[in-house]
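These figures come from a predicted structure and were not determined experimentally.
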Amino acid sequence: MDPNLVEDPYPLQSHLGFRITEWRENYARFELPMEDFLMNRYGILHGGVHSMMCDTAMGFAGCYTGDPEARNLAMTLNLSVNFLAQTRGKLLIAEGFRTGGGAKTFFAEAKISDETGVLAATGTGVFRVRQGG
């Protein structure tokens with residue numbers, strides 16, 4: 001991935017610790033080390049973390065321009081997450097895929113897994129492209 005495309009972390013990203021590890025047309029991948037503060041009261045990863053990572057990966061997947069001077073942003077219009085299994089590993093992996101749409105609105109899918117290969121969640125979303133950023 002071109003290091004010039006990596007943006008400075010925004011406050012939520014800095015606080016939670018996730019980072020982009022791959023970004024290209026119609027695809028984005030983020031990784032998040034699983035820490036105790038991300039767990040729910042049962043000691044498993046909070047569903048909101050799955051949702052946020054789906055949202056982030058899908059939004060970035062649909063906004064790739066390849067030009068650090070011409071960035072696009074995504075605004076989530078709809079987000080749906082399906083919880084499938086508990087993670088077992090120490091690293092959460094979120095992959096987003098742009099699946100269709102046009103210049104202003106796009107559709108995307110996400111997969112949430114860990115480094116052991118457990119597929120923990122899937123997501124779908126609809127996003128609005130906003131230029132600038």
Relative to the ring of Tyr10, is the ring of Phe18 parallel (under 30°), tilted (30 to 60°) or perpendicular (over 60°)? perpendicular

Quick one: pull up CG in Asp114 and CG in Leu119 and give me the separation to the nearest 0.5 Å. 9.5 Å

Gap separating the CZ atom of Arg128 from the OG1 atom of Thr105, nearest 0.5 angstrom: 4.5 Å

With side chains defined as the heavy atoms from C-beta onward, is the minimum distance between Thr124 and Phe107 less than 4.5 Å? no

If you compare all heavy atoms of Met53 against all heavy atoms of Leu32, which two are closest, and at what distance to 0.1 Å? CE-CB, 4.0 Å

Which atoms form the tightest heavy-atom contact between Leu45 and Met39, and what is the distance? N-SD, 3.3 Å

Would a hydrophobic clustering, with Ile, Leu, Val, Met, Phe, Trp and Tyr connected at side-chain separations under 4.5 Å, put Trp23 with Phe106? no

Any donor-acceptor N or O pair under 3.5 Å, side chains Thr65, Asp67: no

Enumerate the side-chain hydrogen bond (donor to acceptor under 3.5 Å, both in side chains) contacts for residues 33-44, please, sequence neighbours excluded, ordered by first and then second residue. none

Would you call Lys90 and Glu115 a salt bridge, using N to O less than 4.0 angstrom? no

Just verifying a value: how many Å separate Met58 CE and Thr99 OG1, rounded to the nearest 0.5 Å? 9.5 Å

Hey, mind stepping through Gln86 and Arg88 against side-chain contact (heavy atoms from CB on, under 4.5 Å) and telling me if it holds? CA-CA 6 Å; Gln86 291 182 25; Arg88 293 192 182 102; 6.0 Å; no

About how many Å separate OG1 of Thr87 and CD1 of Ile93, when rounded to the nearest 0.5 Å? 11.0 Å

Val126-Met75 co-clustered via ILVMFWY side chain contacts under 4.5 Å: no

CG (Leu92) and CE (Met52) are apart, to the nearest 0.5 Å, by 8.0 Å

Is the shortest distance from a Lys or Arg side-chain nitrogen in Glu109 or Lys111 to a carboxylate oxygen in the other one below 4.0 Å? no

I'd like to check Ser113 versus Val118 (side-chain heavy atoms, cut-off strictly below 4.5 Å). Are they in contact? no

Is Arg71 salt-bridged to Glu7, cutoff N-O under 4.0 Å? yes

Give the intermediate values and the outcome of side-chain contact (heavy atoms from CB on, under 4.5 Å) for residues Tyr64 and Leu5. CA-CA 9 Å; Tyr64 182 83; Leu5 296 176; 3.6 Å; yes

Taking a hydrophobic cluster as the set of Ile, Leu, Val, Met, Phe, Trp and Tyr residues connected by side-chain heavy atoms closer than 4.5 Å, whether directly or through intermediates, do Ile112 and Leu38 fall within one such cluster? yes

What is the distance from atom NE2 of His46 to atom OG of Ser51, rounded to the nearest 0.5 Å? 9.0 Å

Under the side-chain contact (heavy atoms from CB on, under 4.5 Å) criterion, do Val6 and Ile20 qualify, and how do the steps go? CA-CA 7 Å; Val6 178; Ile20 194 165; 4.3 Å; yes

Give the intermediate values and the outcome of side-chain contact (heavy atoms from CB on, under 4.5 Å) for residues Phe30 and Cys54. CA-CA 9 Å; Phe30 283 80; Cys54 281; over 6 Å; no

What about Phe60 and Tyr27, are their ring centers closer than 6.0 Å? no

Cluster question for you: counting only ILVMFWY and a side-chain heavy-atom cut-off of under 4.5 Å, with indirect links fine, are Phe127 and Val129 together? yes

